[in-house]
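Written out below as structure tokens is the structure these notes cover.
Numbers restart at 1 for each chain; the letters A, B, ... are given by sequence-line order, proteins then strands. This is a predicted model, so every value here is computed, not measured.
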Amino acid sequence: MPAYRPEEIEKKWQAHWKAHHTFQAHNHSDKPKYYVLDMFPYPSGAGLHVGHPLGYIASDIVTRYKRLRGFNVLHPMGFDSFGLPAEQYAIQTGQHPALTTDKNIETYVQQLSSLGFSYDWDREIRTSDASYYKWTQWIFLKLFNSWYNLDTNRAEPLTDLTARFAASGSEGIRAAGDDGDRLSFSAGQWQLFSEKQKLAAVLPYRLAYQQDTYVNWCPGLGTVLSNDEVKDGLSERGGFPVERRLMPQWNLRITAYADRLLAGLDQLDWPDAVKEMQRNWIGKSIGAEVEFLIKNEELIINNSDEAAADNQAPGTKHQALGIKVYTTRVDTIYGATFLVLAPEHELVDTLTTPDQRAAVDEYIAATKRRSERDRMTDVKAVSGVFTGAYALNPVNNEPVQIWLADYVLAGYGTGAVMAVPSGDQRDYLFAKHFGLPIPAISDAQKDLDQQADPTKEGRYINSGIINGLTYKEATPKLIAFLEEKGLGKGKVNFRQRDAIFGRQRYWGEPIPIYYKDGTAYGIAEADLPLVLPEIDEYKPTETGEPPLGRAQDWLYKDKYPYELSTMPGWAGSSWYYLRYMDPTNEARFVSEEAEQYWGSVDLYMGGAEHATGHLLYARFWYLFLKDLNLVSSGEPFQKLINQGMILGRSNFVYRANLSFTYNPKPGRNIEISLSEIPTLFVTKTLADSFNSEDATKKAEATEVILSWYRNRISSLLSKYPDAVFHATTAEDLSITPLHVDVSMVENDLLDMQAFKKWRPDYHFAEFITEDNDTYVSGWEVEKMSKAKFNVVNPDVLIGKYGADALRLYEMFLGPLEQYKPWNTNGISGVSGFLKKLWRLFHPEDGDLAVTDEPATPAELKVLHRAIQKAQEDIEKFSFNTSVSLFMITVNELTALKCHKRAILEPLVLLVSPYAPHLAEELWQELGHAPGSISTAGYPEFREEYLVEDVVTYPLAINGKVREQMDFAAAATPAEIETAVLASDFLAKHGEGKSAKKVIVVKGRMVNVVV
RNA sequence: GCCAGAGUGGUGUAAUGGUAGCCACGAGGGACUUAAAAUCCCUUGUCUUCGCGGACGUACGGGUUCGAGUCCCGUCUCUGGUACCA
């Protein structure tokens, strides 16, 4: 083969790999294992753009490197194939989402293959296959049939719990979750419960449970969304508004694992940013729960005795009515001058006095009207209403007013706060707004007439039993005091909520639950999978039920209706990495043997956007499976790398907004053809001058444009003397930058002919160009999107330069983790490098001309420096520097005219993880078996080839380098110092001063201090 | 606001505390060619000098050090995340 033709060799090797299953991983091997995982893609209809493969290329390089290093590498790919876009498309077109999904997957597989990734395609999985989601449903049933025992700090089978109920009732059971939802009963009462009562009693213990929950309801999508699917009050997919709504929902009790999810982070080799995001998301806070008793209790209970009666659940002993608040600053309790409840707080109705009833009702109604989005964007506005009721501060029995305000969230803590206006800025603003007192509580607080001061410094004042104490002394004293009175206790709170686990949508895993007499039962494991039924339309039913309500005769055992919600998008992706270990197992979600062999993922490559969603859910499921002894490692993903996003580089043209509108002279009639009314675009230089701060520049630019305009008007007037134009003046001249498709721009020069053909309204475009007749377009870095015309398709680049060039170029762009703009221009550089590499084997693009001559020391030095650095770089995921290293190496070998097998063969191995097709081809030409390069072994680094006899030292005076001098590599610092001082160095550069000190860093440099 | 991370030529970037700008792109000049493409060679941080050279230069202001792009303190800007979380 003469010249380097990527289009031929790449197709050839891709076909070879596919036919020979070259990258198949085996579950039995003497080799050490290594598991490299890419994040599970959702196969979108748009296919891949150049930003998507970045992480895949990096992980493939590591994969191929590890194979060379003798590892048995598992590197799988599959598809998260349930999801909203396919379903939205189905609603619009009536096409079954399975069909569009299959088509999209086909495109993905084709695109991924054309990039030469070394996936073991025999392990491909799809979450929407029944053979896969059978096990997703199976895990759900495990969750449904488990509870979390706080005494053993792990999930346990529900049967253990019911056995304890039967033996000793609910007494003494400590389970994760809210005890407020649970009944207390004796063993005798349990025995007397009906089956329905028993199931109802058990439900609030389950790790998958159904409950009325405040959810993010998205009317635009017709479903609920989880917190991580909502951004700024809008749905992440589609951007529809989201509102709070109370609905019965399936939930997963992820909060049971909050502490373990938090603690586990410390052992993970993950980016700090991601760990920090998970810590914030879990949001552990250590504080206290304090109860404020209601003043004038009787008065209020009389006012609303029904609500008060509700509050006395049967079986609980009578307690004085109180409001529990959660605080992390119990030390500030003497400064608590009022309480604020969330408008949804359960005691609101009970507490409201007749005088305030109208105001409170009005406030609650107003809160409901405000969408979640308004509440979030409008955080500065202070609003609230007084209930008329008072509570007693438990530390001093002072009466405090009880208010409602929507800045208090129903879902966090107890839904009520004690407001300490001197120490909390929101409380401060609230107090100022409503004229409530702001007493100081610490002698260190400053500027209380301006703002709150949350300091923990100083000593307490106006604070009863803690007066004069410090923060450290006061907190335990107060908690002890409150505990003794039975009005408070230390408490840990988490910001994280249980995960809502149902979607009112079609295209997802059916939840394996059926209803008998209104009670939820899990279907038998033997009856899995519960297959997604066919339906006529993918919309909700007329009665507002989810689409599954349309399924005909869809009943368990022909009798019992199924749950109509499906699982959320993250269900299937929470355990997929386990299925890859044993993807076709029909008897188990993964065999014990395969699970124990592969253990956990050694390297997980993916975007940071999954930090708080997928990565948290997957860890949660893993810990749960571990509690059930179904998996064996501590955490699922040992090392995580976030590849940065590749941003688009948009190009702009500058339209001069000139008026060509006209009227005929009175009594005349004219029609000017559109083709004679141009749209004027000015080159960037002119547009920049026009937008410049410099008035002279701006005036000059304006004049250039207006003189062009006047010429044009006058030529139109000579042709149409009857027209009167509304002329553009210097004052109303403006310039609008417009996006232009990046494919029409090369090195920021616009292809003006292509631009004119691009759209009808640019057909008659005219240009004011640079002096050399080029049109320079502007540019800006933005996200890649169709609307910005900056999307670059990898297929086009592969067609032009080859996959190897694209792989190298994406790595060459910069550090993997960094966000960086895409600029196609530079790809010619790596393409040139590949050609040069080829020419080391095929001089002048002729026949293979590799010789068996022995290598020279200079050649060996180049090679071994490359081996050393390539290895270091890949171990620290610094791929950009290895590409530049390869370029240097090839440049030097070209200069040395090196065509020797002893050098080139190891070089091919070094490059092979990056440019696998080229490497395979050359490897075969060198006489090796086709396809054998991937396990050929990594070249061994030999330090001795790098040893130099002579080292050139830079000589500096006071840190400024002045000269260079050669020394024997073995020279000692003392010898070097003597030699430097003996030379004329100081005389030439020392400005007559004498040396105070000489610093010699061996092998590095010499600095003379004067 | 809070939490991360980052600021180096026209651009992407490189630099175990030790000669700042490697490797590329772009630009300028040249060779080859009827021409173009491809390929090859030279120049390319700024200022200064005919040149040798010199001065300045890693967002800004300080500090530590023989020596700072790198470490420390403060400021500014940008990017990402998060936000009434009590």
Side-chain angles (χ1 to χ4, degrees), chain A residues 3 231-232 271-277 279-281 283-285 287 325-329 332 336 340 375-376 378-382 405-409 411-420 423-427 429-430 454 493-497 608-609 611-612 642 644-645 647 649 746-749 779 781 809 812-815 817-830 832-833 835-836 839 844-845 872 878 880-881 883-889 891 952-964 996-1001 1003-1010:
Chain A
K231 293 266 177 304
D232 299 327
D272 287 337
V274 173
K275 291 204 227 181
E276 203 51 36
M277 273 189 248
R279 285 191 191 105
N280 291 337
W281 191 264
K284 181 176 185 170
S285 70
V325 302
Y326 178 72
T327 177
T328 53
R329 290 294 305 274
T332 63
V340 191
R375 264 173 87 162
M376 280 167 57
D378 194 20
V379 293
K380 290 202 179 70
V382 176
D406 62 7
Y407 81 78
V408 176
L409 305 178
Y412 183 75
T414 60
V417 302
M418 64 177 209
V420 182
D424 182 291
Q425 187 62 17
R426 288 156 321 172
D427 297 344
L429 291 173
F430 194 85
N493 239 334
F494 294 94
R495 179 181 165 273
Q496 183 174 40
R497 304 270 64 95
E609 68 272 19
T612 51
N642 290 135
M645 195 186 293
L647 302 166
R649 189 179 188 276
E746 209 179 331
N747 293 327
D748 292 330
L749 300 183
W779 63 273
V781 173
Y809 186 53
F812 186 63
L813 279 176
E817 298 90 338
Q818 207 162 297
Y819 279 60
K820 50 204 164 236
W822 178 265
N823 187 352
T824 302
N825 291 343
I827 198 169
S828 60
V830 291
F833 156 75
K835 288 178 194 165
K836 276 190 218 164
R839 283 192 207 108
E844 323 253 288
D845 285 341
E872 279 170 16
S878 174
N880 55 324
T881 50
V883 178
S884 108
L885 165 77
F886 296 145
M887 290 175 171
I888 295 166
T889 304
N891 287 347
T952 303
Y953 282 77
L955 306 186
I957 300 262
N958 288 345
K960 281 196 185 297
V961 175
R962 296 297 174 187
E963 259 184 38
Q964 307 200 337
K996 274 193 204 150
K997 195 173 170 189
V998 178
I999 288 144
V1000 179
V1001 183
R1004 274 289 167 189
M1005 57 101 64
V1006 179
N1007 190 17
V1008 181
V1009 185
V1010 297

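- When rounded to the nearest whole Å, the span between CE of A/M645 and C1' of B/rG80 equals 9 Å.
- Using a distance-only test at 3.5 Å, with no hydrogens or angles considered, no donor-acceptor pair links the side chain of A/R839 to the main chain of A/D845.
- Atom-to-atom, OH of A/Y819 to C1' of B/rC78 comes out at 14 Å; the value is rounded to the nearest Å.
- A/T612 comes within contact range of no nucleotide atom at all, as no heavy-atom separation falls under 4.0 Å.
- A 3.5 Å limit on both hydrogen-bonding distances identifies B/rU79 as the Watson-Crick or G-U partner of B/rA4.
- Side chain of A/R329 to main chain of A/P454: a donor-acceptor pair is present (N/O by atom type, distance under 3.5 Å, no hydrogens or angles).
- A/Y953 contributes a side-chain N or O that, together with a main-chain N or O of A/G1003, makes up a donor-acceptor pair within less than 3.5 Å.
- With both pairing distances under 3.5 Å, B/rG74 is matched to B/rC60 as a Watson-Crick or G-U wobble pair.
- On the C1' atoms, B/rG10 is 13 Å away from B/rG28, given to the nearest whole Å.
- Within 4.0 Å (heavy atoms only), A/K275 reaches no atom of the nucleic acid at all.
- Considering only side-chain atoms of A/R495, the nucleotide from B/rG12, B/rA83, B/rU39 that sits closest is B/rA83.
- Summary of the strand contacts: A/K997 and A/V883 both lie near RNA chain B, and taking for each the nucleotide with the nearest heavy atom, the more 5' one is attributed to A/V883.
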5' to 3', nucleotides 14-19 of chain B under a 4.0 Å protein heavy-atom cut-off (B base, S sugar-phosphate only, - none) gives S-B-BB
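- As the counterpart of B/rC23, B/rG12 is assigned, both hydrogen-bonding distances of the Watson-Crick or G-U wobble pattern falling under 3.5 Å.
- Judged by Watson-Crick or G-U wobble contacts below 3.5 Å, the nucleotide B/rC84 has no partner.
- Nearest nucleotide to the A/A273 side chain, out of B/rC25, B/rA4, B/rC56: B/rA4.
- Across B/rU77 and B/rA83, the matching C1' atoms stand 22 Å from one another, rounded to whole Å.
- Atom CE of A/M887 is separated from atom P of B/rC23 by 11 Å (rounded to the nearest Å).
- Taking 90° from 0 as the syn/anti boundary, the base of B/rG67 is oriented anti.
- With RNA chain B read from its 5' end, the first of the two nearest nucleotides for A/K835 and A/R649 is the one closest to A/R649.
- When distances run from any side-chain atom of A/K836 to the nucleotides B/rA24, B/rC3, B/rG12, the shortest one goes to B/rA24.
- Annotation: side chain of A/N958 is in contact with side chain of A/V1010 (closest heavy-atom distance under 4.5 Å).
- A donor-acceptor distance shorter than 3.5 angstrom exists from the side chain of A/D427 to the backbone of A/V420, with no hydrogens or angles considered.
- Rounded to whole Å, the separation between the C1' atoms of B/rA27 and B/rU79 comes to 30 Å.
- Atom CD in A/Q425 sits about 12 Å away from atom P in B/rC85, given to the nearest Å.
- Here, B/rU65 and B/rG18 have their C1' atoms 12 Å apart, quoted to the whole Å.
- Proximity of a side-chain donor or acceptor of A/K836 to a complementary backbone N or O of A/M887 within less than 3.5 Å is not detected.
- Other residues, nucleotides and ligands contribute more than 12 heavy atoms inside 6.0 Å of the CD atom of A/Q425.
- Atom OH in A/Y809 sits roughly 13 Å away from atom P in B/rA24 (whole-Å rounding).
- The partner of B/rG18, taking Watson-Crick or G-U wobble pairs whose two distances both stay under 3.5 Å, is B/rC66.
- At distances below 3.5 Å, at least one donor-acceptor pair connects side-chain atoms of A/N1007 with backbone N or O atoms of A/G959.
- Put simply, CG on A/D748 is 11 Å from C1' on B/rC25, counting in whole angstrom units.
- With a cut-off of 3.5 Å on both Watson-Crick or G-U wobble distances, the partner of B/rA31 is given as B/rU39.
- Between the P atom of B/rG5 and the CE atom of A/M277 lies a distance of 11 Å, rounded to the nearest Å.
- B/rC47 sits 14 Å from B/rG9 when the P atoms are compared, rounded to a whole Å.
- Here the P atom of nucleotide B/rA27 and the CG atom of A/N747 are 5 Å apart, to the nearest Å.
- Among the heavy atoms of the strands lying under 4.0 Å from A/N891 are primed sugar atoms or P, OP1, OP2 only; no base atom is included.
- Between the side chain of A/Y819 and the backbone N or O of A/L647 there is no donor-acceptor pair closer than 3.5 Å.
- Using a 4.0 Å heavy-atom criterion, one finds that A/F812 contacts the bases of the nucleic acid, with or without backbone contacts as well.
- Nucleic acid contact for A/V1009: sugar-phosphate only, since backbone atoms but no base atoms lie under 4.0 Å from a heavy atom of the residue.
- Of the P atoms belonging to B/rA59 and B/rA68, the separation is 15 Å, rounded to the nearest Å.
- Rounded to whole Å, the separation between the P atoms of B/rC66 and B/rC23 comes to 34 Å.
- Side-chain atoms of A/N747 do not come within 3.5 Å of backbone N or O of A/L749 as any donor-acceptor pair.
- You'll find that the side chain of A/W779 is closest to B/rU11, out of B/rA86, B/rU11, B/rC56.
- Distance noted for atom P between B/rG45 and B/rG80: 33 Å (whole Å).
- At least one side-chain nitrogen or oxygen of A/R426 sits closer than 4.0 Å to the OP1 or OP2 atom of B/rC85.
- The phosphate of B/rA86 has neither OP1 nor OP2 within less than 4.0 Å of any side-chain N or O from A/Y326.
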